2 protein chains.
Amino acid sequence: MATPRTTPSRPDALTLEVVELIGSVVARYHEEYEEAAAGHALTGAQARLLSLLCLEPLPMRRLAQRLKCEPSNVTGIVDRLESRGLVERRPDPADRRVKLAAATPEGRQVARNMQNSLRFAREPLAGLSEEERVALRDALRRMLSAD
Amino acid sequence: MATPRTTPSRPDALTLEVVELIGSVVARYHEEYEEAAAGHALTGAQARLLSLLCLEPLPMRRLAQRLKCEPSNVTGIVDRLESRGLVERRPDPADRRVKLAAATPEGRQVARNMQNSLRFAREPLAGLSEEERVALRDALRRMLSAD
DNA sequence: TATTGTTATACTCTATAACTATA
DNA sequence: TATAGTTATAGAGTATAACAATA
C-alpha cells in the first residue's frame, strides 16, 4: 500500500492542502453552475433536472432518484419547467400509472446554452498538459473508487 | 503553452473524461457534506456558517459575503443556530451598528464532530502516494488559478 | 447621507403524510 | 396489496424592498 503510516486523525500538510483545494474546486464548480442556471432564469434544481431530461425522457420516480430528493418535489420542479414550455409530461404506453418527463426542443436549446456558459466545468484543464491530464484522471479515478 | 491546439468546442476524449470525473467528485463531496451536516441536525447552510465561525467571529455582513447570499438571510440562519446554543451574537466595541457572530464552545464541538464524519473530504487520498498527491495538488492549483 | 442589521414578503426546494389511479 | 404520481403542509433558504439604529 502506498499509504504512509500516519495517525488518521492528524493528516500531513500535503494531504490537508489537497483536501482544501478539492473543497475550493467544489465551491467554484457549484458557484458557476448556479450562476449559469440563473443566467437562464433557472434554479439549480431546475437546471439539473432539465440536463437529465436532455439525455432521455424519464419517469418522475426515476428523476427523484437521480436528483436524490423525494418524488413529491419533482412534481413542482417539472410543473415550473412545463409552464415555461421547457419540459412536457407524456404517458407511458407500458404502464398507465407512469408519466414520462421529456425535454422539449426549446428545453434542449436552453440546456445547451446553459452548458456552453459553464466555463469552469468545461475548461478547467486549459493550463494542463496531456501528461498532467492523464495523471489527474488516474488520481480522480482512484479517489472515486477508494470507498 | 501546454494546451494542445484543438477546437475549443470539441474537447478530446481525455479532457471529457477528466471533466466528468471532476463533476463526480463535486457531486460526491456535496452529498457527503450534506449527509454529515444532517447527521448533526444541521442544514448545509448552517454547517457552512458554523464552520466559518469556528475560525473567527465575524460581522453578519461578512458572513453574507462569505456565504455568497444576502445579509437578510444570515439573520435567520444565525437565529436558528443561536436558539440551539451553537452561536452567539456579540456587540462590536468599535462600531455599535455591527453584531459579531461567534461560535460557542458547544458550537465548535459540533463543528469538529461534523468535520470528523466527513470521510470523503478527508480520506479520498488514502490510495495515493506522496508523489501522486504532489501532482494532484499542482494540477488543482493550476485549475483554480487558470482563470 | 451611508451603512449595519433586521423585518416583511414572496418564491423555491425539501421531507412527510395522505390521497388517486392504476397495477 | 403495492406502486406512480399528486396534493397538502410545514420548515428552511433565497432575493427584494423597506425600516431602525448608528456612523
Side-chain angles (χ1 to χ4, degrees), chain A residues 27 30-53 57-84 86-102 114, chain B residues 27 30-31 33-53 57-84 86-102:
Chain A
H30 247 81
E31 273 169 46
E32 299 212 2
Y33 193 91
E34 297 287 321
E35 206 174 292
H40 293 76
L42 296 170
T43 65
Q46 288 167 6
R48 282 186 288 279
L49 192 152
L50 184 57
S51 294
L52 280 178
L53 292 189
L58 287 172
M60 306 292 281
R61 210 82 186 179
R62 293 199 69 77
L63 273 173
Q65 292 167 343
R66 298 287 187 84
L67 296 173
K68 296 184 197 303
C69 71
E70 294 301 312
S72 59
N73 302 324
V74 177
T75 298
I77 303 174
V78 168
D79 280 351
R80 282 162 217 124
L81 290 170
E82 195 168 29
S83 73
R84 285 180 55 191
L86 306 179
V87 157
E88 62 183 11
R89 277 180 246 236
R90 304 174 187 163
D92 182 339
D95 185 338
R96 289 197 301 176
R97 291 174 304 183
V98 173
K99 288 178 193 168
L100 295 171
M114 194 200 71
Chain B
H30 244 80
E31 273 170 45
Y33 192 90
E34 296 287 321
E35 208 176 290
H40 292 78
L42 295 170
T43 65
Q46 287 166 8
R48 283 186 287 278
L49 191 152
L50 184 57
S51 295
L52 279 177
L53 292 189
L58 288 172
M60 306 292 280
R61 209 83 187 178
R62 294 198 69 75
L63 273 173
Q65 293 167 342
R66 298 289 186 85
L67 296 174
K68 297 184 197 304
C69 71
E70 294 301 312
S72 58
N73 302 324
V74 177
T75 298
I77 302 174
V78 168
D79 280 350
R80 284 162 215 126
L81 290 169
E82 193 167 31
S83 72
R84 286 179 55 190
L86 305 180
V87 157
E88 63 183 11
R89 278 181 245 237
R90 303 174 187 161
D92 181 340
D95 186 338
R96 289 196 301 175
R97 292 173 303 180
V98 173
K99 288 178 191 168
L100 294 172

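The shown structure was predicted, so the numbers you read here are calculated from the model rather than taken from an experiment. Convention: sequence-line order gives letters A, B, ...; per-chain numbering from 1.
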Whole-Å distance, A/Arg80 CZ to D/dT6 P, equals 12 Å

In Å, rounded to the nearest 0.5 Å, how long is the span from CD of B/Gln65 to CD of B/Glu70?
-> 10.5 Å

Which heavy atom of B/Ala101 sits nearest a heavy atom of B/Val87, and at what distance?
-> CB-CG1, 4.4 Å

Would you give the length of the straight line joining atom CG of B/Leu67 to atom CD1 of B/Ile77, rounded to the nearest 0.5 angstrom?
-> 6.0 Å

Could you give the CE-to-C1' distance, from A/Met60 to D/dA4, as a whole number of Å?
-> 10 Å

Count the heavy atoms of every other residue, nucleotide or ligand shown that sit under 6.0 Å from CZ of B/Arg84, and state whether that count exceeds 12.
-> yes

Given C/dG5, D/dT7, C/dT6, the nucleotide with the shortest approach to the side chain of A/Thr75 = D/dT7

Rounded to the nearest 0.5 Å, what separation is found between the CD atom of A/Glu82 and the CD atom of A/Glu88?
-> 7.5 Å

Nearest 0.5 Å, what's the CG-OG1 distance between B/Leu63 and B/Thr75?
-> 10.5 Å

Once you round it to whole Å, what is the distance between P of C/dT14 and NE2 of B/His30?
-> 12 Å

Distance, rounded to the nearest Å, where A/Ile77 contributes CD1 and D/dG5 contributes P | 14 Å

What is the distance from CG of A/Leu67 to C1' of C/dT14, rounded to the nearest Å?
-> 12 Å

Nearest atoms (heavy-atom pairs only) where A/Pro59 meets A/Val98 = CB-CG1, 3.7 Å

Contacts of A/Arg96 that satisfy salt bridge (Lys or Arg N to Asp or Glu O under 4.0 Å) - sequence neighbours left out = none

Check residues 37-50 of chain A and write down every donor-acceptor pair under 3.5 Å in which the side-chain atom is one partner and the other belongs to a residue at least two apart or another chain.
residue	atom	partner	partner atom	Å
A/His40	ND1	A/Ala36	O	3.0
A/Thr43	OG1	A/Gln46	N	3.2
A/Gln46	OE1	A/Thr43	N	3.2

Go through residues 37-47 of chain A and report each residue with a non-hydrogen atom lying under 4.0 Å from DNA chain D, sorted by number.
-> none

Whole angstrom value for the distance that separates P of C/dT22 from CZ of A/Arg61 | 16 Å

Roughly, in whole Å, what's the span from CZ in B/Arg62 to C1' in C/dT3?
-> 14 Å

Specify the residues of residues 88-102 of chain A, ordered by number, for which at least one heavy atom lies under 4.0 angstrom from an atom of DNA chain C.
-> A/Asp95, A/Arg96, A/Arg97

Beyond-backbone contact of B/Leu86 with B/Leu53, side-chain heavy atoms, under 4.5 angstrom | no

For nucleotides 15-17 of chain C, which of its nitrogen or oxygen atoms have a protein nitrogen or oxygen under 3.5 Å away, and what is each distance?
residue	atom	partner	partner atom	Å
C/dA15	OP2	A/Glu70	N	2.8
C/dA15	OP2	A/Asn73	ND2	2.7
C/dA15	N7	A/Asn73	OD1	2.9
C/dT16	O4	A/Ser72	OG	2.6

Residues that B/Arg97 engages under salt bridge (Lys or Arg N to Asp or Glu O under 4.0 Å), provided they are two or more places apart = B/Asp95

